[in-house]
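Read the structure below first, then the notes.
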Amino acid sequence: MAHTHEVASPRPLQVSIVGAGLGGLTAAIALRRSGHNVQVFESAEIEREIGAGITVQSSAVRVLRHLGVRVMSLRGVEYDGMARFDARTGLGQVHSWGVHKAEGSLPLACHRSDLHDELGHLATAGEGEGTPVQLHLGSKVVVCDPDAGSITLANGETIAADVVVGADGIHSTIRSSIMGRPVQPLACGISCFRLLLDASGLDDIPDLGWYTENPHANKAIVWTGSESFRMIFTYPVRDWTLINLVGSFADEDQEQPDWVPSATRQEVLDKFHDAHPKFLRLLDLPIVSPISKWKLRTVPALPTWVRGRAVLLGDSAHATVPFMGQGMYMRSYLHLPRGAAMALEDAGALGALLPLGTTKDEVPARLTAYETLRKERGEIVNQQSLARASNQSGPPFQGQELQTFLFGYDAVQVAQEYFSTHFSGGAGVV
(Lines give C-alpha, C1' and ligand atoms only; values in the text may rest on other atoms or scores of the structure.)
Protein backbone atom coordinates (compact mmCIF):
# COMPACT_ATOMS: atom_id res chain seq x y z
CA MET A 1 0.00 0.00 0.00
CA ALA A 2 1.46 3.35 -1.00
CA HIS A 3 2.16 5.84 1.73
CA THR A 4 1.43 9.49 1.27
CA HIS A 5 3.52 12.09 3.00
CA GLU A 6 1.92 15.33 4.07
CA VAL A 7 3.96 18.40 3.28
CA ALA A 8 4.33 20.58 6.34
CA SER A 9 2.76 23.98 5.98
CA PRO A 10 5.20 26.90 6.07
CA ARG A 11 5.60 28.35 9.53
CA PRO A 12 4.49 31.99 9.75
CA LEU A 13 6.89 34.46 11.28
CA GLN A 14 6.05 36.13 14.57
CA VAL A 15 6.23 39.87 13.94
CA SER A 16 6.22 42.72 16.47
CA ILE A 17 5.57 46.18 15.03
CA VAL A 18 6.19 49.16 17.29
CA GLY A 19 3.94 52.08 16.35
CA ALA A 20 0.42 52.15 14.92
CA GLY A 21 0.79 55.15 12.64
CA LEU A 22 0.37 55.02 8.89
CA GLY A 23 3.66 53.20 8.29
CA GLY A 24 3.19 50.70 11.09
CA LEU A 25 -0.35 49.76 10.05
CA THR A 26 0.63 49.46 6.39
CA ALA A 27 3.50 47.15 7.35
CA ALA A 28 1.06 45.16 9.48
CA ILE A 29 -1.27 44.70 6.50
CA ALA A 30 1.58 43.72 4.18
CA LEU A 31 2.96 41.14 6.62
CA ARG A 32 -0.51 39.82 7.47
CA ARG A 33 -1.16 39.28 3.77
CA SER A 34 2.18 37.51 3.51
CA GLY A 35 0.83 34.96 5.99
CA HIS A 36 2.54 36.00 9.21
CA ASN A 37 1.29 36.55 12.76
CA VAL A 38 1.53 40.25 13.49
CA GLN A 39 1.22 42.21 16.71
CA VAL A 40 1.29 46.02 16.82
CA PHE A 41 2.26 47.84 20.00
CA GLU A 42 1.14 51.45 20.33
CA SER A 43 1.88 53.67 23.33
CA ALA A 44 -1.28 55.78 22.90
CA GLU A 45 -4.36 54.65 24.78
CA ILE A 46 -6.68 55.60 21.92
CA GLU A 47 -6.23 54.58 18.29
CA ARG A 48 -6.38 58.04 16.76
CA GLU A 49 -4.10 59.57 14.17
CA ILE A 50 -3.37 63.24 14.72
CA GLY A 51 -3.02 65.73 11.91
CA ALA A 52 -5.24 66.98 9.17
CA GLY A 53 -4.66 66.68 5.43
CA ILE A 54 -2.08 64.48 3.82
CA THR A 55 -0.94 64.02 0.24
CA VAL A 56 -0.47 60.43 -0.92
CA GLN A 57 1.77 60.39 -3.97
CA SER A 58 1.36 57.93 -6.84
CA SER A 59 4.09 55.62 -5.55
CA ALA A 60 2.19 55.27 -2.26
CA VAL A 61 -1.22 54.89 -3.95
CA ARG A 62 0.32 51.98 -5.85
CA VAL A 63 1.23 50.30 -2.55
CA LEU A 64 -2.23 50.89 -1.10
CA ARG A 65 -3.92 49.32 -4.13
CA HIS A 66 -1.58 46.33 -3.99
CA LEU A 67 -2.56 45.77 -0.34
CA GLY A 68 -6.26 45.90 -1.06
CA VAL A 69 -7.02 49.33 0.38
CA ARG A 70 -10.34 50.67 -0.85
CA VAL A 71 -8.97 53.92 -2.20
CA MET A 72 -12.47 55.26 -2.91
CA SER A 73 -13.33 54.96 0.79
CA LEU A 74 -10.63 57.51 1.62
CA ARG A 75 -12.79 60.27 0.10
CA GLY A 76 -9.61 61.73 -1.29
CA VAL A 77 -9.32 64.39 -3.96
CA GLU A 78 -7.16 63.42 -6.92
CA TYR A 79 -4.62 65.95 -8.13
CA ASP A 80 -2.24 66.02 -11.06
CA GLY A 81 -0.27 69.22 -10.63
CA MET A 82 0.50 72.35 -8.70
CA ALA A 83 -0.61 75.96 -9.02
CA ARG A 84 2.25 78.11 -7.74
CA PHE A 85 1.49 81.72 -6.84
CA ASP A 86 3.67 84.68 -5.99
CA ALA A 87 2.45 85.69 -2.55
CA ARG A 88 2.62 89.44 -3.15
CA THR A 89 1.63 89.88 -6.80
CA GLY A 90 -0.99 87.14 -6.78
CA LEU A 91 0.22 85.90 -10.15
CA GLY A 92 0.30 82.15 -10.62
CA GLN A 93 1.20 79.36 -12.98
CA VAL A 94 -0.06 75.78 -13.14
CA HIS A 95 2.42 72.94 -13.52
CA SER A 96 0.88 69.61 -14.55
CA TRP A 97 2.46 66.20 -14.10
CA GLY A 98 1.81 64.09 -17.18
CA VAL A 99 3.52 61.07 -15.67
CA HIS A 100 0.57 60.43 -13.33
CA LYS A 101 -2.01 60.44 -16.11
CA ALA A 102 0.11 58.17 -18.27
CA GLU A 103 0.24 55.54 -15.53
CA GLY A 104 -3.36 55.88 -14.39
CA SER A 105 -2.39 56.29 -10.75
CA LEU A 106 -3.14 59.84 -9.70
CA PRO A 107 -2.04 60.93 -6.23
CA LEU A 108 -4.62 61.77 -3.58
CA ALA A 109 -5.11 64.49 -1.02
CA CYS A 110 -7.06 63.05 1.89
CA HIS A 111 -7.71 63.50 5.58
CA ARG A 112 -5.05 61.69 7.54
CA SER A 113 -7.56 60.08 9.88
CA ASP A 114 -9.56 58.67 6.94
CA LEU A 115 -6.46 56.85 5.69
CA HIS A 116 -5.53 55.75 9.20
CA ASP A 117 -9.01 54.38 9.88
CA GLU A 118 -9.03 52.42 6.63
CA LEU A 119 -5.61 50.93 7.34
CA GLY A 120 -6.64 50.03 10.88
CA HIS A 121 -9.75 48.25 9.61
CA LEU A 122 -7.85 46.34 6.95
CA ALA A 123 -5.20 45.25 9.46
CA THR A 124 -7.52 43.99 12.17
CA ALA A 125 -10.72 42.94 10.38
CA GLY A 126 -11.79 39.31 10.57
CA GLU A 127 -12.29 39.12 6.83
CA GLY A 128 -9.43 39.37 4.36
CA GLU A 129 -6.20 37.55 3.69
CA GLY A 130 -4.19 36.22 6.61
CA THR A 131 -4.63 36.24 10.37
CA PRO A 132 -6.03 39.51 11.78
CA VAL A 133 -3.42 41.77 13.34
CA GLN A 134 -3.46 42.08 17.12
CA LEU A 135 -3.38 45.75 18.09
CA HIS A 136 -2.22 46.56 21.63
CA LEU A 137 -3.00 50.13 22.70
CA GLY A 138 -1.45 51.70 25.78
CA SER A 139 1.59 49.46 25.27
CA LYS A 140 4.70 51.61 25.45
CA VAL A 141 7.87 49.87 24.30
CA VAL A 142 10.86 50.97 26.37
CA VAL A 143 13.65 48.82 24.97
CA CYS A 144 14.38 46.35 22.18
CA ASP A 145 16.97 43.59 21.92
CA PRO A 146 17.56 43.59 18.15
CA ASP A 147 19.63 40.43 18.07
CA ALA A 148 17.12 38.41 20.09
CA GLY A 149 14.11 40.00 18.39
CA SER A 150 12.47 40.95 21.67
CA ILE A 151 10.81 44.09 22.99
CA THR A 152 10.09 45.07 26.57
CA LEU A 153 7.03 47.08 27.56
CA ALA A 154 6.81 49.73 30.26
CA ASN A 155 4.97 47.22 32.48
CA GLY A 156 7.97 44.88 32.33
CA GLU A 157 6.49 42.35 29.92
CA THR A 158 8.88 41.01 27.27
CA ILE A 159 7.62 39.82 23.88
CA ALA A 160 9.79 37.63 21.67
CA ALA A 161 9.44 37.67 17.89
CA ASP A 162 11.22 36.70 14.71
CA VAL A 163 11.04 40.28 13.37
CA VAL A 164 10.77 43.64 15.12
CA VAL A 165 9.71 46.62 12.99
CA GLY A 166 10.43 50.05 14.41
CA ALA A 167 7.66 52.26 13.03
CA ASP A 168 7.64 54.43 16.14
CA GLY A 169 8.30 57.79 14.54
CA ILE A 170 10.84 60.54 14.84
CA HIS A 171 11.53 59.89 18.56
CA SER A 172 11.97 56.16 17.93
CA THR A 173 12.93 53.82 20.77
CA ILE A 174 13.77 51.04 18.31
CA ARG A 175 16.22 53.36 16.51
CA SER A 176 18.12 53.87 19.76
CA SER A 177 18.27 50.11 20.29
CA ILE A 178 19.51 49.43 16.76
CA MET A 179 22.11 52.22 16.91
CA GLY A 180 23.18 51.36 20.45
CA ARG A 181 22.70 55.01 21.43
CA PRO A 182 20.01 57.70 21.23
CA VAL A 183 19.84 59.55 17.91
CA GLN A 184 18.15 62.87 18.48
CA PRO A 185 16.06 64.48 15.72
CA LEU A 186 17.50 67.74 14.42
CA ALA A 187 15.75 71.09 14.32
CA CYS A 188 15.63 72.58 10.83
CA GLY A 189 14.55 76.07 11.86
CA ILE A 190 11.12 75.82 10.23
CA SER A 191 7.73 75.66 11.92
CA CYS A 192 4.26 75.46 10.42
CA PHE A 193 0.66 76.23 11.25
CA ARG A 194 -1.81 73.48 10.35
CA LEU A 195 -5.57 73.92 10.16
CA LEU A 196 -8.73 72.75 8.42
CA LEU A 197 -11.31 75.04 6.84
CA ASP A 198 -14.96 74.37 6.01
CA ALA A 199 -15.17 74.47 2.20
CA SER A 200 -18.96 74.67 1.97
CA GLY A 201 -18.93 78.46 1.59
CA LEU A 202 -16.03 78.60 -0.84
CA ASP A 203 -18.15 79.90 -3.73
CA ASP A 204 -19.76 82.57 -1.56
CA ILE A 205 -16.60 84.51 -0.74
CA PRO A 206 -15.38 87.02 -3.31
CA ASP A 207 -11.81 86.76 -4.61
CA LEU A 208 -11.51 82.98 -4.13
CA GLY A 209 -11.76 82.15 -7.80
CA TRP A 210 -8.03 81.45 -7.78
CA TYR A 211 -8.76 78.47 -5.51
CA THR A 212 -11.62 76.90 -7.45
CA GLU A 213 -9.94 77.31 -10.83
CA ASN A 214 -7.79 74.30 -11.76
CA PRO A 215 -9.49 72.07 -9.17
CA HIS A 216 -7.02 69.22 -9.73
CA ALA A 217 -3.98 71.32 -8.83
CA ASN A 218 -2.83 71.83 -5.25
CA LYS A 219 -1.89 75.41 -4.36
CA ALA A 220 1.45 76.80 -3.19
CA ILE A 221 1.73 80.49 -2.25
CA VAL A 222 5.40 81.41 -2.07
CA TRP A 223 7.29 84.46 -0.81
CA THR A 224 10.28 85.01 -3.08
CA GLY A 225 13.40 87.08 -2.61
CA SER A 226 16.09 87.12 0.03
CA GLU A 227 13.83 87.23 3.08
CA SER A 228 13.23 84.39 5.51
CA PHE A 229 11.29 81.44 4.18
CA ARG A 230 7.49 81.56 4.16
CA MET A 231 5.00 79.48 2.19
CA ILE A 232 1.33 78.47 2.31
CA PHE A 233 0.46 75.05 0.91
CA THR A 234 -3.23 74.15 0.61
CA TYR A 235 -5.50 71.54 -0.94
CA PRO A 236 -9.04 70.13 -0.55
CA VAL A 237 -9.76 66.84 1.22
CA ARG A 238 -12.77 64.66 2.09
CA ASP A 239 -14.60 65.09 -1.21
CA TRP A 240 -13.95 68.85 -1.29
CA THR A 241 -15.82 69.43 1.99
CA LEU A 242 -12.67 70.56 3.83
CA ILE A 243 -9.59 72.57 2.89
CA ASN A 244 -6.26 71.72 4.47
CA LEU A 245 -3.88 74.64 4.97
CA VAL A 246 -0.24 74.51 6.05
CA GLY A 247 1.51 77.80 6.62
CA SER A 248 5.27 77.27 6.93
CA PHE A 249 7.87 79.78 8.03
CA ALA A 250 11.42 80.19 9.28
CA ASP A 251 11.15 80.21 13.06
CA GLU A 252 14.01 81.60 15.14
CA ASP A 253 12.00 81.16 18.34
CA GLN A 254 11.60 77.37 18.20
CA GLU A 255 13.85 76.73 21.17
CA GLN A 256 12.45 79.49 23.39
CA PRO A 257 10.86 78.25 26.62
CA ASP A 258 7.60 80.11 25.91
CA TRP A 259 7.12 78.48 22.47
CA VAL A 260 3.66 76.89 22.31
CA PRO A 261 2.33 74.20 19.91
CA SER A 262 -0.90 76.03 19.13
CA ALA A 263 -1.94 79.30 17.51
CA THR A 264 -4.86 81.60 16.78
CA ARG A 265 -6.31 82.78 13.49
CA GLN A 266 -4.84 86.22 14.15
CA GLU A 267 -1.34 84.77 14.58
CA VAL A 268 -1.64 83.10 11.19
CA LEU A 269 -2.83 86.35 9.60
CA ASP A 270 0.00 88.28 11.25
CA LYS A 271 2.64 85.87 9.98
CA PHE A 272 1.41 86.15 6.38
CA HIS A 273 0.06 89.71 6.59
CA ASP A 274 1.71 90.95 3.40
CA ALA A 275 0.18 88.31 1.13
CA HIS A 276 -2.10 89.46 -1.68
CA PRO A 277 -5.57 90.03 -0.14
CA LYS A 278 -7.16 87.30 -2.26
CA PHE A 279 -5.04 84.68 -0.49
CA LEU A 280 -5.94 85.93 3.00
CA ARG A 281 -9.64 85.69 2.12
CA LEU A 282 -9.22 81.91 2.46
CA LEU A 283 -9.10 82.47 6.23
CA ASP A 284 -12.60 83.96 6.07
CA LEU A 285 -13.85 80.39 5.80
CA PRO A 286 -14.82 78.77 9.14
CA ILE A 287 -11.89 77.08 10.85
CA VAL A 288 -13.09 73.64 11.93
CA SER A 289 -10.01 72.32 13.71
CA PRO A 290 -7.66 73.59 16.39
CA ILE A 291 -4.77 75.52 14.81
CA SER A 292 -1.66 73.54 15.65
CA LYS A 293 1.91 74.75 15.35
CA TRP A 294 4.60 72.19 14.63
CA LYS A 295 8.36 72.36 14.93
CA LEU A 296 9.69 70.54 11.90
CA ARG A 297 12.55 68.18 12.65
CA THR A 298 14.55 65.64 10.71
CA VAL A 299 16.46 62.45 11.42
CA PRO A 300 20.12 62.60 10.37
CA ALA A 301 21.36 59.99 7.91
CA LEU A 302 21.91 56.76 9.84
CA PRO A 303 24.75 54.28 9.28
CA THR A 304 22.23 51.44 9.16
CA TRP A 305 18.51 50.74 9.48
CA VAL A 306 18.98 47.11 10.51
CA ARG A 307 20.47 45.12 13.35
CA GLY A 308 19.81 41.44 13.83
CA ARG A 309 16.03 40.94 13.68
CA ALA A 310 15.09 44.59 14.04
CA VAL A 311 14.50 47.10 11.25
CA LEU A 312 13.42 50.74 10.95
CA LEU A 313 10.59 52.02 8.79
CA GLY A 314 9.21 55.47 7.98
CA ASP A 315 10.05 58.49 10.12
CA SER A 316 12.12 56.45 12.55
CA ALA A 317 14.57 55.93 9.69
CA HIS A 318 14.30 58.98 7.44
CA ALA A 319 12.01 61.70 8.81
CA THR A 320 12.26 64.91 6.83
CA VAL A 321 10.34 68.14 6.38
CA PRO A 322 6.82 67.00 5.42
CA PHE A 323 5.86 69.70 2.97
CA MET A 324 8.82 70.44 0.78
CA GLY A 325 9.85 69.78 -2.74
CA GLN A 326 8.59 73.16 -3.81
CA GLY A 327 11.68 75.22 -3.02
CA MET A 328 11.61 78.87 -2.10
CA TYR A 329 12.48 80.37 -5.44
CA MET A 330 11.27 77.83 -7.94
CA ARG A 331 10.30 78.87 -11.44
CA SER A 332 8.98 75.37 -12.06
CA TYR A 333 7.69 72.75 -9.70
CA LEU A 334 8.44 69.20 -8.72
CA HIS A 335 6.85 67.68 -5.64
CA LEU A 336 8.99 65.15 -3.79
CA PRO A 337 7.40 62.19 -2.00
CA ARG A 338 6.59 63.07 1.58
CA GLY A 339 7.30 61.17 4.77
CA ALA A 340 4.03 59.25 4.75
CA ALA A 341 4.45 58.18 1.13
CA MET A 342 7.97 56.95 1.83
CA ALA A 343 6.74 55.02 4.88
CA LEU A 344 4.07 53.30 2.75
CA GLU A 345 6.73 52.41 0.18
CA ASP A 346 8.91 50.99 2.98
CA ALA A 347 6.04 48.85 4.24
CA GLY A 348 5.15 47.47 0.82
CA ALA A 349 8.77 46.52 0.16
CA LEU A 350 9.18 44.83 3.55
CA GLY A 351 6.10 42.68 3.02
CA ALA A 352 7.34 41.56 -0.39
CA LEU A 353 10.74 40.54 1.02
CA LEU A 354 9.22 38.44 3.82
CA PRO A 355 6.75 36.10 2.08
CA LEU A 356 5.31 33.04 3.80
CA GLY A 357 8.01 30.40 3.95
CA THR A 358 10.70 32.81 5.11
CA THR A 359 12.45 31.06 8.00
CA LYS A 360 13.63 32.63 11.21
CA ASP A 361 17.25 32.14 10.15
CA GLU A 362 16.62 33.94 6.85
CA VAL A 363 15.23 37.07 8.46
CA PRO A 364 18.49 39.04 8.95
CA ALA A 365 19.44 38.66 5.27
CA ARG A 366 15.96 39.73 4.16
CA LEU A 367 16.15 42.83 6.36
CA THR A 368 19.54 43.66 4.87
CA ALA A 369 17.95 43.38 1.43
CA TYR A 370 15.22 45.79 2.57
CA GLU A 371 17.88 48.29 3.61
CA THR A 372 19.63 47.88 0.26
CA LEU A 373 16.42 48.74 -1.57
CA ARG A 374 15.07 51.48 0.67
CA LYS A 375 17.88 53.37 2.44
CA GLU A 376 19.39 55.21 -0.53
CA ARG A 377 15.99 56.26 -1.89
CA GLY A 378 14.85 57.47 1.53
CA GLU A 379 18.02 59.49 2.03
CA ILE A 380 17.84 61.07 -1.43
CA VAL A 381 14.33 62.37 -0.75
CA ASN A 382 15.36 63.50 2.74
CA GLN A 383 18.39 65.43 1.49
CA GLN A 384 16.56 67.04 -1.42
CA SER A 385 13.68 68.13 0.79
CA LEU A 386 16.05 69.76 3.27
CA ALA A 387 18.10 71.41 0.53
CA ARG A 388 15.03 72.89 -1.10
CA ALA A 389 13.71 74.09 2.24
CA SER A 390 16.86 76.18 2.60
CA ASN A 391 17.16 76.99 -1.12
CA GLN A 392 20.52 75.22 -1.33
CA SER A 393 19.74 72.77 -4.11
CA GLY A 394 20.46 75.00 -7.07
CA PRO A 395 18.18 74.63 -10.11
CA PRO A 396 15.02 72.64 -9.42
CA PHE A 397 14.72 69.05 -10.58
CA GLN A 398 13.18 68.88 -14.00
CA GLY A 399 12.42 66.33 -16.66
CA GLN A 400 10.19 63.35 -17.24
CA GLU A 401 12.95 60.93 -16.32
CA LEU A 402 13.22 62.25 -12.77
CA GLN A 403 9.46 62.45 -12.33
CA THR A 404 9.23 58.81 -13.37
CA PHE A 405 11.96 57.93 -10.84
CA LEU A 406 10.04 59.62 -8.04
CA PHE A 407 6.41 58.95 -8.90
CA GLY A 408 6.53 56.00 -11.29
CA TYR A 409 8.33 53.92 -8.67
CA ASP A 410 6.63 50.67 -7.66
CA ALA A 411 8.08 49.65 -4.30
CA VAL A 412 6.34 46.27 -4.19
CA GLN A 413 7.34 45.29 -7.73
CA VAL A 414 10.94 46.38 -7.19
CA ALA A 415 11.12 44.30 -3.99
CA GLN A 416 9.53 41.27 -5.66
CA GLU A 417 12.01 41.44 -8.52
CA TYR A 418 14.91 41.75 -6.08
CA PHE A 419 13.57 38.76 -4.16
CA SER A 420 13.29 36.66 -7.32
CA THR A 421 16.86 37.50 -8.29
CA HIS A 422 18.52 37.03 -4.91
CA PHE A 423 16.32 34.61 -2.95
CA SER A 424 14.68 32.47 -5.62
CA GLY A 425 15.67 29.28 -3.81
CA GLY A 426 13.68 30.30 -0.75
CA ALA A 427 10.08 31.24 -0.22
CA GLY A 428 7.87 32.18 -3.12
CA VAL A 429 6.91 35.72 -3.93
CA VAL A 430 3.37 36.65 -2.96
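Residues: numbered from 1 along the sequence shown.
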Could [X] and [Y] be called an ion pair, given the rule that one side-chain N must be under 4.0 Å from one carboxylate O?
X: Arg281; Y: Asp207; value: yes
X: Arg238; Y: Asp114; value: yes
X: Arg265; Y: Asp284; value: yes

Task: Pairwise side-chain contact, Gln39 with Ile151, heavy-atom cut-off 4.5 Å (strictly under) - done: no
Open item on the list: Taking the side chain as everything from C-beta on, heavy atoms only, tell me whether Thr173 gets closer than 4.5 Å to Val142.
Closed with: no
Quiz question: by atom type and distance under 3.5 Å, do the side chains of [X] and [Y] form a donor-acceptor pair?
X: Asp346; Y: His318; value: yes
X: Asp239; Y: Thr241; value: no
X: Ser113; Y: Asp117; value: no

Task: Cation-pi geometry met for Lys219 and Tyr211 (6.0 Å, 45°) - done: yes
Open item on the list: More than 12 heavy atoms of other residues, nucleotides or ligands under 6.0 Å from NZ of Lys295: yes or no?
Closed with: yes
Task: Enclosure of Gln266 CD (heavy-atom neighbours >12, cutoff 6.0 Å) - done: yes
TODO: Taking the six-membered ring for Trp and the single ring otherwise, decide whether the centroids of Trp223 and Phe272 are under 6.0 Å apart.
DONE: yes
Task: Where Leu354 and Leu367 come nearest, the two heavy atoms and their spacing - done: CD1-CD2, 4.4 Å
Open item on the list: Quick one, Phe279 with Trp210, criterion ring pair (Phe, Tyr, Trp, His ring centres under 6.0 Å). Give me CA distance, side-chain angles, the key distance, then yes/no.
Closed with: CA-CA 9 Å; Phe279 299 133; Trp210 64 272; 4.9 Å; yes
Open item on the list: Once rounded to the nearest 0.5 Å, what's the spacing between atom CZ of Arg70 and atom NE2 of His121?
Closed with: 5.0 Å
TODO: Report the distance from atom CZ of Arg307 to atom CG of Asp145, rounding to the nearest 0.5 Å.
DONE: 7.0 Å
- [ ] Only one of Val63, Leu122, Leu64 passes side-chain contact (heavy atoms from CB on, under 4.5 Å) with Ile29; say which it is.
- [x] Leu122
